[in-house]
Engineer: 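Below you will find the structure I want to go over with you.
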Number of protein chains: 2
Amino acid sequence: MNGRLDNTENRHLKERKVLDRIKSIPLPAIRRYPSYLRRLKKYESEGVLWISATTLAEDLSLSSILVRKDLACTGLEGRPKYGFPIEPLICAIEKSLGWDNATDAILVGAGNLGTALMGYGGFTQYGLKIIAVFDSDPLKIGEMIHGVKILDIEKTADFIARTKIPMAVLTVPAAYAQLIAMKLSDAGIKGIWNFAPIKLKLSNDVIIQRVDLASSFAELSSRLKK
Amino acid sequence: MNGRLDNTENRHLKERKVLDRIKSIPLPAIRRYPSYLRRLKKYESEGVLWISATTLAEDLSLSSILVRKDLACTGLEGRPKYGFPIEPLICAIEKSLGWDNATDAILVGAGNLGTALMGYGGFTQYGLKIIAVFDSDPLKIGEMIHGVKILDIEKTADFIARTKIPMAVLTVPAAYAQLIAMKLSDAGIKGIWNFAPIKLKLSNDVIIQRVDLASSFAELSSRLKK
DNA sequence: ATTCTATCGATATTTAATTATCGAATACAA
DNA sequence: TTGTATTCGATAATTAAATATCGATAGAAT
Ligand SMILES: NC(=O)c1ccc[n+]([C@@H]2O[C@H](COP(=O)([O-])OP(=O)(O)OC[C@H]3O[C@@H](n4cnc5c(N)ncnc54)[C@H](O)[C@@H]3O)[C@@H](O)[C@H]2O)c1
Ligand SMILES: NC(=O)c1ccc[n+]([C@@H]2O[C@H](COP(=O)([O-])OP(=O)(O)OC[C@H]3O[C@@H](n4cnc5c(N)ncnc54)[C@H](O)[C@@H]3O)[C@@H](O)[C@H]2O)c1
């Protein structure tokens, strides 16, 4: 095999490998990526250029083998003795998450939790941008919440259809969550980040991600008990 | 082996088995328990007396084998053709989680998120009771927040020492979280429910449970991307 | 130039969790 | 009373994830 042929072959193989990998990054790795990102950005801001899986692992109290594997899933290759170049690594992780360009979203339910989320600056780091807020309470409609005006829930479907916005953050009481989720789904929403403590049942082409604080607290309680 | 001896043996074996089980309920099962509880309580309020693993599984879109196994971990035994008695099942799950008697906690950081959590009625269901709130902001100290007075952060150590309160909910900015956590640990806190996006490093006898919204959002993003 | 060391990445191995299988129990209907 | 459908629980098989092992690489030190 001559050099050129070998390269073509290799590139081809590599591309297939990268494609496979995109489909097959283990979920636990995906969940660890944000922690890596935060740490890497901190290093980057301090002017550090290279990081080893070993160092990152120590920072986050993880096994270095695990971190190395996770990083390998992004497709970026490390360099013996040096580790990984930080800036490309950040890009690679963000790309793997789909955080490389911002996701616009709406928020439904401007209550306690919805208001707190709106006031949270951290989301921009994840490429999440909440561009509209909806509620059913006449007292709230028209008010401003952290710089965004609260709109009438009745206008949601129209808004989604018009803007083709892909994602909704759902922070309404559990009793209304299923109904509203179905309306969002009908209107064409692609993903729902659900903070209400119920399992939403929608057609399979809507991605649902639930945040269940009770699960987290359960884990804490049971560990504390022992 | 005669009947009596056999019984003694059996009881002994069963007790050991129960003990083992307490230590060894898989974490994923623990995390599912709150969902079971919510559903069971709903059935209970409707006057239903028995529930099968099959039904519960359908309700929550889980595999019935998984649910049956999870329920078995509580130590309660089901009855063929009927399933499990709801009320004892609720008790058994709550006991497994340590939710059978309420846990008192303090909350540190009366900001956006801290305020939202204080306003959340759901926690009482988990046996979590926040009895005091602390902050460093002079403008906030002395104010009321959902019925609880905000106290000076400087008084935290003393409060913990005096009340022997086991748990703290940490909702301060990430930059302060480690420092405050160390103070809480020194003061004798046993568990910390940490909402700040950093890995706290404390002595191993403090149980730390982190809530990482970014992880959840990462999962959503990456699933949405595909 | 040679040796030493830290790191990577590929390939096992181990561990944990989920899913499947199957016999036993029991309510209920015929 | 008998048969049938349904559920349980024990055990086995499968799958996914974490951990361990080890040769290769490349920079730094001798
Ligand atoms: N607050 C928390 O800390 C917290 C924690 C965990 C989970 N949650 C969950 O988040 C959700 C919101 O909690 P919260 O404390 O913010 O409650 P909340 O009552 O403060 O807010 C709910 C908001 O939804 C609005 N709403 C009600 N029905 C609506 C409808 N049909 N259409 C549009 N808007 C509607 C209400 O007007 C209100 O503004 C709940 O499901 C709760 O279980 C909250
Ligand atoms: N708001 C959200 O939706 C959200 C979501 C995810 C994570 N978080 C995390 O939760 C934490 C709090 O977020 P937030 O939005 O409520 O912030 P915030 O700034 O609104 O509130 C922080 C509070 O902590 C207090 N504080 C600051 N330093 C303190 C100290 N040394 N001792 C005691 N109190 C102190 C401040 O006075 C303020 O009241 C942050 O770590 C944030 O990353 C928030």
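Below, read A as the first sequence line, B as the second, and so on, with proteins coming before strands; counting in each chain starts at 1.
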Engineer: Rounded to the nearest Å, what distance is computed from the CZ atom of residue Phe84(A) to the C1' atom of nucleotide dA26(D)?
Structural biologist: 15 Å
Engineer: Rounded to whole angstroms, how far apart are CH2 on Trp50(B) and P on dA25(C)?
Structural biologist: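 Rounded to whole Å, this separation is 17 Å.
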Engineer: Rounded to the nearest Å, what distance is computed from the CG atom of residue Leu66(B) to the P atom of nucleotide dC8(D)?
Structural biologist: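 The answer, rounded to whole Å, is 13 Å.
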Engineer: What do you reckon, is NZ of Lys201(B) surrounded by more than 12 foreign heavy atoms closer than 6.0 Å?
Structural biologist: yes
Engineer: If you count the non-hydrogen atoms of other residues, nucleotides and ligands that lie under 6.0 Å from NZ in Lys129(B), is the total more than 12?
Structural biologist: no
Engineer: Rounded to the Å, how far apart are Glu77(B) CD and dA25(C) C1'?
Structural biologist: 12 Å
Engineer: To the nearest Å, give me how far apart CG (Leu27(B)) and P (dA17(D)) are.
Structural biologist: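 These atoms are roughly 15 Å apart.
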Engineer: Respond yes when some side-chain nitrogen or oxygen of Ser52(A) is under 4.0 Å from OP1 or OP2 of dT7(C), and no when none is.
Structural biologist: yes
Engineer: OP1 or OP2 of dC8(D) versus the side-chain N and O atoms of Arg79(B): is any pair under 4.0 Å?
Structural biologist: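 So the side-chain polar atoms of Arg79(B) never come under 4.0 Å of the phosphate oxygens OP1 or OP2 of dC8(D).
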Engineer: Choosing from dA17(C), dT18(C), dC8(C), which nucleotide comes nearest the side chain of Thr54(A)?
Structural biologist: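 Closest nucleotide among those given: dC8(C).
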Engineer: Is there a donor and acceptor pair, one atom on the side chain of Lys69(B) and one on the base of dT19(C), closer than 3.5 Å?
Structural biologist: yes
Engineer: Check whether any side-chain N or O of Tyr82(A) sits under 4.0 Å from OP1 or OP2 of dT25(D), and answer yes or no.
Structural biologist: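 Checking dT25(D) against Tyr82(A), no side-chain N or O comes under 4.0 Å of OP1 or OP2.
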Engineer: Nearest of dA28(D), dA25(C), dG9(D) to any side-chain atom of Pro80(B)?
Structural biologist: dA25(C)
Engineer: Can you tell me the distance, in whole Å, between the CG atom of Leu89(B) and the P atom of dC8(D)?
Structural biologist: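 These atoms are roughly 11 Å apart.
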Engineer: If you find the nucleotide of DNA chain D closest to Asp70(A) and the one closest to Ile65(B), which residue's nucleotide is nearer the 5' end?
Structural biologist: Ile65(B)
Engineer: May I ask you to check whether Ser35(B) and Arg210(A) show a side-chain donor-acceptor distance below 3.5 Å?
Structural biologist: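 A donor-acceptor contact under 3.5 Å links the two side chains.
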Engineer: Can you tell which of dT18(C), dT6(D), dA26(D) lies closest to the side chain of Lys81(A)?
Structural biologist: dA26(D)
Engineer: For dT18(C), does OP1 or OP2 lie under 4.0 Å from any side-chain N or O of Arg32(B)?
Structural biologist: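 True: Arg32(B) side-chain N/O within range (under 4.0 Å) of dT18(C) OP1/OP2.
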Engineer: Report yes or no: do Tyr36(B) and Asp70(B) form a side-chain donor-acceptor pair below 3.5 Å?
Structural biologist: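 Tyr36(B) vs Asp70(B): donor-acceptor pair found between side chains.
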Engineer: Centres of the Phe217(A) and Trp193(B) rings: under 6.0 Å?
Structural biologist: yes
Engineer: Among dT21(C), dT21(D), dC8(C), find the nucleotide with the atom closest to the side chain of Ala53(A).
Structural biologist: dC8(C)
Engineer: Should Arg68(A) be listed as having a side-chain N or O under 4.0 Å from OP1 or OP2 of dG9(C)?
Structural biologist: no
